[in-house]
Amino acid sequence: MIRLTLTPLPLIALVACAATPGMDSADQAAAPDRVETASDLLRAAIEEGLAQGAYAMCDDGPVTWADLTAALASNSGFRSPMEWAPGVAADGLARTIAWQRLHLDEVTTEGVEEGSVRPDAIRERVRDLLQFHLLSDEVLSHIVVTDEEVRTFYDENLEMFALPFQFHMRMIFRACYVEHTVAEGETPTSIAEAISGDPAQALEIRNSRHRRLLDEWDVPVEEIDERVGPLEVGEILSVPMGPEARAAVRAELEEVAAGITDEAGFILAARDHSDSEPELRGEELGPFPQRDQEFLPEFIEAARALDVGEVSDIIETKHGFQIIMVTRKRQDEYHPFENMRASIERHIRAERTVEAMSRWQRDLLERHGVVLHDISGTALQDQSLLESEEIVAEIPGREPMTMGEFQTALMEMSPIELRSWQGRPNELLMQILLLRHVDALEQEIQALGWTWVDPLIEQVWLQAGVAPFLSQRVAEEASVVSEEMLRDHWEENPDLFTEPTLITCRQIVRAMPDRRVASPEEIETAHREAVEEFTALAEEISTHDEFMAALLMHSDEARGLEEPPDSIGLIANQRIERLPIPLRAPLASAEAGDLVGPVDIRNGVALIWVEDRVESHVIPFEEAMDRVNTSLIRQRRSTIQTEWMERDLEAVNFRLVRPEPEAPEENPDL
């Protein structure tokens with residue numbers, strides 16, 4: 001599905017929250033004055049929680065149902081409520097809120113003094129939260145997109161929803177290149193002359209990485225050798241064939257094509273005769289062409305003319321000769337309106353949101369006495385203005401904000417944030433003013449009497465200030481450990497420091513025919529023959545060297561290789577329980593030097609040599625020191641935090657006052 005692009009809102013995901021749960025476009029058109037936002041749902045949930053009163057009590061005051069709703073909403077960025085009910089999880093959250101509140105004064109004094117808590121940063125997060133809910137109430141709730149507007153946008157921008165011609169295919173490919181090893185004194189043109197019969201073909205010569213020797217294809221022939229420079233003796237090049245060799249390849253491919261009668265025959269021919277990578281021979285490829293990718297026009301022309309399942313004539317391209325079978329195709333068409341309705345609606349709403357948000361911020365600042373001076377679009381990139389005293393905003397009760405201050409604020413932003421504000425410097429200025437320099441948002445909330453946001457604001461302070469402060473104190477206490485404590489932890493928790501049994505083995509694999517082109521009888525015959533072959537082979541193998549020699553001769557992975565790489569058929573240092581299921585039982589008791597099999601594996605048969613086996617064992621204390629230290633500190637952090645919380649809450653007489661959770665109904669049939 002096509003995606004409509006839009007300049008992103010760097011402050012919050014306003015557009016997503018503008019959607020109205022349970023309402024379609026027709027409903028919204030019928031009620032154009034206001035739509036319900038996610039912020040409305042959160043407000044209703046908190047106000048309901050305030051009406052329910054206390055969930056828990058302590059000498060310092062209650063933890064209300066609204067407090068828990070606000071804490072849970074923090075998981076959604078304070079944008080929407082989350083469903084919850086009294087129980088163990090909610091009880092623990094109530095205890096955490098009460099404990100964190102006890103340390104709020106400590107954080108605002110000691111934490112601020114030592115620099116671990118930054119009130120300005122927390123205040124900015126609070127203002128971001130307030131701005132979101134004000135925007136939701138005063139802007140988003142009034143943005144309505146009717147079905148008629150969506151339909152008009154679709155009709156007027158039909159080209160945006162085009163589905164271009166695409167197809168899938170199978171292919172038989174024969175390259176018209178030959179490999180040539182460079183000898184002493186050879187040049188690109190001499191090689192091209194000898195193999196292609198044309199020095200100009202040197203422009204098409206490729207190195208072993210399949211890249212052309214020259215990036216510039218219009219180099220005069222007489223300059224090719226000089227431009228490329230001396231060739232390295234022994235380097236392997238791919239050189240275009242001459243006319244006679246090309247004709248021979250074409251004739252061979254014509255003979256292959258004549259024998260193809262159906263799709264199964266095409267797949268088999270591709271596997272036997274194609275020069276493609278082995279894993280792509282006969283496989284369905286596509287879709288083609290893909291957006292922003294160059295594709296040979298000869299293929300598109302042929303695919304348009306073919307019916308699904310039809311085989312093309314030989315197609316000649318600069319790479320060689322190809323025969324294709326079209327397996328799927330889609331002619332030029334458009335995304336249906338119904339499929340695009342939601343995307344278009346979001347796009348229109350987003351555009352209106354950006355405009356309305358800018359107007360709302362400007363009006364809010366001006367109502368609080370701020371005078372704005374427009375900034376040019378180039379100001380976002382011009383760091384030479386860091387020393388500029390040009391005034392960009394006049395703020396009641398404080399010094400004017402200068403261009404230099406604005407530039408300093410930009411330097412604190414990430415490149416991604418800056419890109420999101422590209423071309424919108426005045427909107428960014430208003431955002432910085434509202435979040436950092438002006439109390440307009442707090443004053444607006446106070447004037448509206450929105451006491452329901454108080455639990456949200458408190459949660460910002462607790463989570464951004466108190467929680468990290470307490471976590472650091474617990475971590476400092478937990479990190480104080482002695483060697484005696486470490487050794488005791490190692491001795492008392494052997495399971496934590498036990499290495500599992502590890503096995504290293506190598507397998508000779510014989511794959512079964514593809515079920516898509518082979519009959520069950522053919523697969524059964526191939527399986528029986530593989531088992532018989534590997535059974536006889538197992539009787540001849542008694543040493544690792546004999547196994548490796550057999551691997552080279554009998555494994556599908558090593559076929560055609562003079563010497564198998566170390567990775568062929570290797571399963572190294574693997575836990576028994578993580579082996580493929582068919583291998584677990586046969587290898588569970590196998591020792592190093594054992595030959596196991598034949599074993600049925602997925603889509604094949606394997607013969608396995610166990611190279612090494614390391615039994616499960618407890619890591620010696622000296623070797624496990626770092627691991628023991630990490631484990632003990634993690635355990636101590638949990639224990640210390642629990643102890644501190646229990647001590648502090650007992651001192652203020654913390655107790656739950658919520659009703660008991662309802663027990664699940666018993667099923668008499670059980």
Side-chain angles (χ1 to χ4, degrees), residues 42-76 78 81-114 116-117 119 122-123 125-126 129-130 445-446 449-478 635-663:
L42 179 56
R43 175 178 182 170
I46 291 179
E47 288 180 340
E48 181 184 352
L50 289 170
Q52 288 179 279
Y55 186 94
M57 289 293 297
C58 62
D59 295 344
D60 281 14
V63 176
T64 67
W65 293 65
D67 292 327
L68 270 70
T69 298
L72 288 165
S74 66
N75 293 332
S76 63
F78 299 103
M82 296 183 66
E83 293 186 6
W84 67 279
V88 175
D91 295 351
L93 184 57
R95 297 173 65 83
T96 300
I97 293 172
W99 183 51
Q100 290 174 343
R101 281 178 178 169
L102 294 177
H103 294 274
L104 184 57
D105 291 341
E106 180 185 355
V107 168
T108 54
T109 54
E110 184 178 343
V112 172
E113 289 176 2
E114 69 181 25
S116 61
V117 177
I122 299 175
R123 192 173 297 110
R125 293 178 62 173
V126 169
L129 173 68
L130 300 180
I445 294 291
Q446 188 174 8
W450 279 8
T451 56
W452 67 272
V453 301
D454 292 342
L456 302 178
I457 295 173
E458 182 189 46
Q459 281 302 311
V460 175
W461 280 94
L462 294 181
Q463 295 180 19
V466 178
F469 178 84
L470 292 175
S471 179
Q472 178 62 30
R473 291 294 182 270
V474 170
E476 290 172 357
E477 177 73 16
Q635 183 187 86
R636 280 174 52 79
R637 287 185 66 166
S638 177
T639 302
I640 291 171
Q641 178 164 315
T642 300
E643 291 174 351
W644 286 6
M645 185 183 296
E646 293 290 344
R647 179 195 63 199
D648 292 347
L649 293 180
E650 184 178 353
V652 295
N653 192 28
F654 176 89
R655 60 201 181 278
L656 296 169
V657 296
R658 51 90 170 140
E660 288 297 321
E662 294 183 6

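The chain is numbered in sequence order, starting from 1.
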Quick one: closest heavy-atom pair of [X] and [Y], and the distance?
X: Ser116; Y: Phe469; value: OG-CD1, 3.9 Å
X: Ala66; Y: Ile46; value: CB-O, 3.5 Å
X: Thr642; Y: Ser638; value: OG1-O, 2.9 Å
X: Leu68; Y: Ala90; value: CD2-O, 3.5 Å
X: Ala45; Y: Thr69; value: CB-CG2, 4.0 Å
X: Leu649; Y: Ala98; value: CD2-CB, 3.8 Å

Heavy-atom side-chain proximity of [X] to [Y] below 4.5 angstrom:
X: Leu462; Y: Thr96; result: no
X: Val107; Y: Leu470; result: no
X: Pro455; Y: Thr64; result: no
X: Phe654; Y: Met57; result: no

>> I'd like to know whether CD of Gln446 has more than 12 heavy-atom contacts from other residues, nucleotides or ligands below 6.0 angstrom.
In response: no

> Got a sec: does the CD of Glu650 have more than 12 other heavy atoms crowding it under 6.0 Å?
Replying inline: no

Reported [atom1]-to-[atom2] distance for the pair [X] and [Y], which is rounded to 0.5 angstrom:
X: Arg637; Y: Glu476; atom1: CZ; atom2: CD; answer: 10.5 Å
X: Trp84; Y: Leu93; atom1: CH2; atom2: CG; answer: 8.0 Å
X: Leu102; Y: Met645; atom1: CG; atom2: CE; answer: 10.0 Å
X: Leu72; Y: Phe78; atom1: CG; atom2: CZ; answer: 10.5 Å
X: Asp91; Y: Leu656; atom1: CG; atom2: CG; answer: 4.5 Å
X: Leu456; Y: Gln459; atom1: CG; atom2: CD; answer: 8.0 Å

> Hey, mind stepping through Glu110 and Arg473 against salt bridge (Lys or Arg N to Asp or Glu O under 4.0 Å) and telling me if it holds?
Replying inline: CA-CA 12 Å; Glu110 184 178 343; Arg473 291 294 182 270; 3.1 Å; yes

>> I'd like to know whether Leu104 forms a side chain to side chain contact (heavy atoms under 4.5 Å, CB included) with Gln100, so could you lay out the CA-CA distance, the side-chain angles of the two residues, the decisive distance to 0.1 Å, and finally the verdict.
In response: CA-CA 7 Å; Leu104 184 57; Gln100 290 174 343; over 6 Å; no

> Going by atom types alone, do Gln463 and Ser74 pair a side-chain donor with an acceptor below 3.5 Å?
Replying inline: yes

> Are any side-chain N or O atoms of Arg658 and backbone N or O atoms of Trp65, one a donor and one an acceptor, separated by less than 3.5 Å?
Replying inline: no

> Is the backbone N or O of Ala467 less than 3.5 Å from a side-chain atom of Ser471, with the two atoms forming a donor-acceptor pair by type?
Replying inline: no

>> Angle between ring planes, Trp99 versus His103, binned at 30° and 60°: parallel, tilted or perpendicular?
In response: perpendicular

> After noting the C-alpha distance and the side-chain angles of Val126 and Trp461, does the key distance pass the side chain to side chain contact (heavy atoms under 4.5 Å, CB included) rule?
Replying inline: CA-CA 8 Å; Val126 169; Trp461 280 94; 3.8 Å; yes

> Would Asp67 and Arg101 count as a salt bridge (Lys or Arg N to Asp or Glu O under 4.0 Å) if you check the C-alpha gap in whole Å, the side-chain angles of each, and the deciding distance to 0.1 Å?
Replying inline: CA-CA 12 Å; Asp67 292 327; Arg101 281 178 178 169; 2.7 Å; yes

> Taking it one step at a time, do Val474 and Trp644 satisfy side chain to side chain contact (heavy atoms under 4.5 Å, CB included)?
Replying inline: CA-CA 9 Å; Val474 170; Trp644 286 6; 3.7 Å; yes

